[in-house]
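Worksheet: the structure to be examined is printed underneath.
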Amino acid sequence: MNTISRKLTTAIATSAILLQMTVPLVAAADTTYTVSGNGASSENKIDVENNNDTVVKQTNTSNVTNNVSGSASTGGNDANYNTGGDVAILTGDAKSSVSVSNELNSNRADVESCDCDGDVKLNISGNGAYSDNKVDLDKTNNTEVFQTNNAYVKNNVSTDAKTGGNDANGNTGGDVYVQTGNAKTNVDVSTAANANVANVGGGTGHGNDVEAVISGNGAYSESDIYLDLIREVSLVQDNDANVTNDIDADATTGWNDANYNTGGDVAIKTGKAVASVAVDNMVNFNAADLDCGCALEGKYAINGNGYDSDNKIDQDASDVLEAFQENEDKTWNDINADAKTGKNEIKKSTGEANSDPVIITGDAHQDVTVDNASNMNVFGSDVHLPEVDVDFDFDFSSLWIWFTHNQSN
């Protein structure tokens with residue numbers, strides 16, 4: 001009797017690619033612009049351009065191909081054309097286990113402040129007759145966040161576990177007995193790819209308090225205040241996942257022959273054949289919290305100016321928020337799982353009187369589980385984003401559990 005037991009375990013783990021960026025922006029200080037106390041017929045001008053640009057660009061591209069072939073066999077044994085005595089083939093178990101885990105592409109961006117805090121005071125006062133006074137203020141705050149993930153994953157897995165294919169033919173004398181062990185194949189493929197988390201905010205909510213005053217200027221004076229207050233937040237989150245799982249899992253204990261034997265009992269007894277395949281795909285997740293808390297408020301006054309003066313306050317305030325979340329998923333699962341204990345033969349054998357040939361097969365089990373979760377977007381000003389570790393062990397499972405829980409609530 002020859003017993004062979006072999007277990008093949010293949011684990012492939014591609015670590016998550018995690019880009020985390022924290023951009024702390026110092027809140028703007030209070031600013032005062034004053035044109036005052038200048039003489040008659042003077043020309044006075046303050047021209048200010050205050051631009052704050054923050055651009056965050058995070059891009060990941062992963063190309064992963066896993067080619068895995070696993071084989072475990074205790075079968076394929078021959079005991080043929082023997083004369084005298086019993087003939088027996090007893091095989092051990094054959095087990096093939098394959099585990100493939102891919103965790104790819106994660107971006108997190110924290111822009112901690114929108115830089116919109118800070119009061120602005122503009123004052124044109126006490127200037128002489130015929131003076132020409134002007135304050136021109138352009139204040140622009142621009143925040144742009146670009147997060148892009150591209151994942152191309154191919155998992156090609158072929159695994160076989162065989163204890164069958166045994167022959168005991170043409171034997172003379174004694175009993176003939178073929179008994180196989182169990183054949184088991186286990187394939188576990190997990191792919192988690194493409195997650196973007198963006199948090200743009202952290203302002204105090206105080207915003208821009210603007211105070212503009214034109215007062216006490218002389219006759220025939222001309223005083224102008226021009227205000228452009230612009231805040232723009234643009235967010236682009238883009239995921240593209242192309243996942244292909246091609247899995248072939250076979251477990252065989254059958255295809256045993258005990259033919260043309262003479263004398264004694266003839267029996268074939270097979271073990272169990274079990275083929276288990278689990279495929280779990282989680283791709284394309286976007287979560288964004290955009291809350292700058294930047295109110296654009298103002299106090300404007302023109303009073304107490306001289307005869308025939310020309311005074312103007314011109315304000316243009318705009319607050320633009322743009323968010324684009326896009327997911328594209330191309331997942332293809334091609335799974336072939338076979339569990340076989342049949343195709344056993346006893347024929348043309350001559351046994352003892354009152355004895356029968358016997359074939360007893362074990363159970364054949366085939367379990368296939370496919371779970372796909374893809375294309376999820378969360379957006380809002382009160383989204384409570386999950387904590388993300390700063391190392392390269394991004395917990396995608398927790399992220400999807402968090403998303404499912406928040407959706408249900």
Side-chain angles (χ1 to χ4, degrees), residues 1-10 68-99 157-188 247-278 335-368:
M1 180 179 67
N2 184 18
T3 301
I4 301 175
S5 178
R6 179 183 179 187
K7 181 178 180 181
L8 173 65
T9 303
T10 303
V68 182
S69 178
S71 179
S73 177
T74 63
N77 303 293
D78 295 326
N80 302 323
Y81 309 109
N82 298 292
T83 302
D86 298 331
V87 176
I89 297 176
L90 303 176
T91 72
D93 297 334
K95 298 180 181 179
S96 179
S97 299
V98 176
S99 177
V157 180
S158 177
T159 179
D160 294 307
K162 298 178 181 178
T163 62
N166 303 289
D167 295 326
N169 300 320
N171 298 292
T172 302
D175 299 330
V176 177
Y177 185 50
V178 178
Q179 178 177 337
T180 72
N182 299 319
K184 296 182 180 180
T185 61
N186 295 309
V187 178
D188 187 1
I247 299 172
D248 187 1
D250 294 314
T252 304
T253 62
W255 272 261
N256 302 290
D257 295 327
N259 302 321
Y260 309 105
N261 297 292
T262 301
D265 298 328
V266 179
I268 296 175
K269 183 179 180 181
T270 72
K272 297 179 180 180
V274 180
S276 300
V277 178
I335 300 171
N336 183 16
D338 292 316
K340 300 176 181 178
T341 62
K343 290 288 185 177
N344 302 289
E345 292 184 351
I346 297 177
K347 62 183 181 181
K348 297 182 180 180
S349 297
T350 302
E352 297 178 349
N354 301 321
S355 65
D356 296 321
V358 177
I359 297 177
I360 301 174
T361 70
D363 299 328
H365 294 288
Q366 174 184 309
D367 297 316
V368 177

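Any value given below was found using the heavy atoms of this structure, including those in side chains, with hydrogens, waters and symmetry copies removed.
Residue pairs meeting the side-chain hydrogen bond (donor to acceptor under 3.5 Å, both in side chains) criterion with at least one member in residues 163-172, sequence neighbours excluded: Asn77-Asn166, Asn82-Asn171, Asn166-Asn256, Asn171-Asn261.
What you find for Ala339 and His365 is that their closest heavy atoms are CB-O, 3.1 Å. When all heavy atoms of Ser96 and Ser71 are compared, the closest pair comes out as OG-N, 4.2 Å. In terms of heavy-atom proximity, Ala161 sits nearest to Ala183 at O-CB, 3.5 Å. Between Gly164 and Thr180, the closest heavy-atom pair is CA-CG2, 4.5 Å. Taking all atoms of both residues into account, the shortest heavy-atom contact from Thr185 to Asp160 is CG2-C, 4.0 Å. Residues Thr341 and Gly271 come closest through the heavy atom pair CG2-O, 3.7 Å.
The closest donor-acceptor contact from the side chain of Asn336 to the backbone of Asp248 lies at 3.5 Å or more, if one exists at all. Of the possible donor and acceptor atoms, one in the side chain of Asp175 sits under 3.5 Å from a partner among the backbone N and O of Asp265.
For the atom pair Lys340 NZ and Thr270 OG1, the distance stands at 14.0 Å (nearest 0.5 Å). Of the inter-residue distances, the one linking Asp250 atom CG with Gln366 atom CD reads 9.5 Å to the nearest 0.5 angstrom. Interatomic distance, CD of Gln179 versus CD1 of Ile268, reported as 12.0 Å (0.5 Å rounding). Taking NZ of Lys95 as the reference point, atom OG1 of Thr74 lies at 11.5 Å (rounded to 0.5 Å).
Two residues are said to be in side-chain contact when any heavy atoms from C-beta on lie closer than 4.5 Å; Tyr177 and Leu90 meet this criterion. Side-chain atoms of Asn259 and Glu345, non-hydrogen and from C-beta on, do get closer than 4.5 Å to each other.
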